[in-house]
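Input: a single structure, listed below in structure tokens.
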Amino acid sequence: MFTDRSGLIVWFSDLKAAGKQLERYGSVHFISKRMHYAAMYVHSSKLDETMKQLQKLPFVKKVERSYRNEIKTEYTSNMPDKTRFYTM
């Protein structure tokens, strides 16, 4: 149903070229005009190939992998619940 996706951060020098050509490699989520980067998602199975292809583009400065899907989002509290001591 859903494909596994990985995030990429692409730093570029030409906004117009980036807007047109990055759609070929995956789904572009956000483009920052001021800071000149794009956040995009690609298939996890083709991540390494896509990173190499993006790095070869003339307007791309740097390609970084996003580790957002690997960060633990389930939190546990080791602190006791203090609200039960204050009930009267």
Could you pull out the closest heavy-atom pair between Ala38 and Leu22, with the gap in Å?
CB-CD1, 3.7 Å
Phe59 and Ala18: which non-hydrogen atoms are nearest, and at how many Å?
CE1-CA, 3.5 Å
Which value, rounded to the nearest 0.5 Å, describes the distance between Leu8 atom CG and His29 atom NE2?
13.5 Å
Parallel, tilted or perpendicular for Tyr37 and Trp11, by the 30°/60° rule?
tilted
Which residues pass the ring pair (Phe, Tyr, Trp, His ring centres under 6.0 Å) test with His36, not counting sequence neighbours?
Phe12
Measuring from Gln53:CD to Lys46:NZ, what's the distance to the nearest 0.5 Å?
9.5 Å
Inter-residue atom distance Met51.CE - Lys56.NZ, 0.5 Å rounding:
13.5 Å
Rounded at 0.5 Å granularity, tell me how far NZ in Lys20 sits from CG in Leu15.
11.0 Å
For a quick test of reading the model, state the closest non-hydrogen atom pair linking Val42 to Tyr25 and the distance between them.
CG1-O, 3.3 Å
Search all heavy atoms of Met40 against all heavy atoms of Val28 and return the closest pair with its distance.
CB-CA, 3.9 Å
Examine Val60 and Tyr41 and state if one hydrophobic cluster contains both, with Ile, Leu, Val, Met, Phe, Trp and Tyr joined whenever side-chain heavy atoms are less than 4.5 Å apart.
no
So, taking the atom named OG in Ser66 and the one named CD1 in Ile71, what distance separates them when rounded to the nearest 0.5 Å?
7.5 Å
Determine the minimum heavy-atom distance between Gln55 and Lys61, stating which atoms define it.
NE2-O, 3.4 Å
Applying salt bridge (Lys or Arg N to Asp or Glu O under 4.0 Å), run through Glu74 and Lys72 and close with a yes or a no.
CA-CA 6 Å; Glu74 297 176 6; Lys72 187 176 97 171; over 6 Å; no
Taking Ser44's backbone N and O only, do any of them form a donor-acceptor pair with Ser6's side chain (distance below 3.5 Å, no angle check)?
no
Measuring from atom CZ of Arg5 to atom NE2 of His43, what distance do you get when rounded to the nearest 0.5 angstrom?
9.0 Å
hydrophobic_cluster_shared for Ile9 and Ile31, side chain cutoff 4.5 Å
no
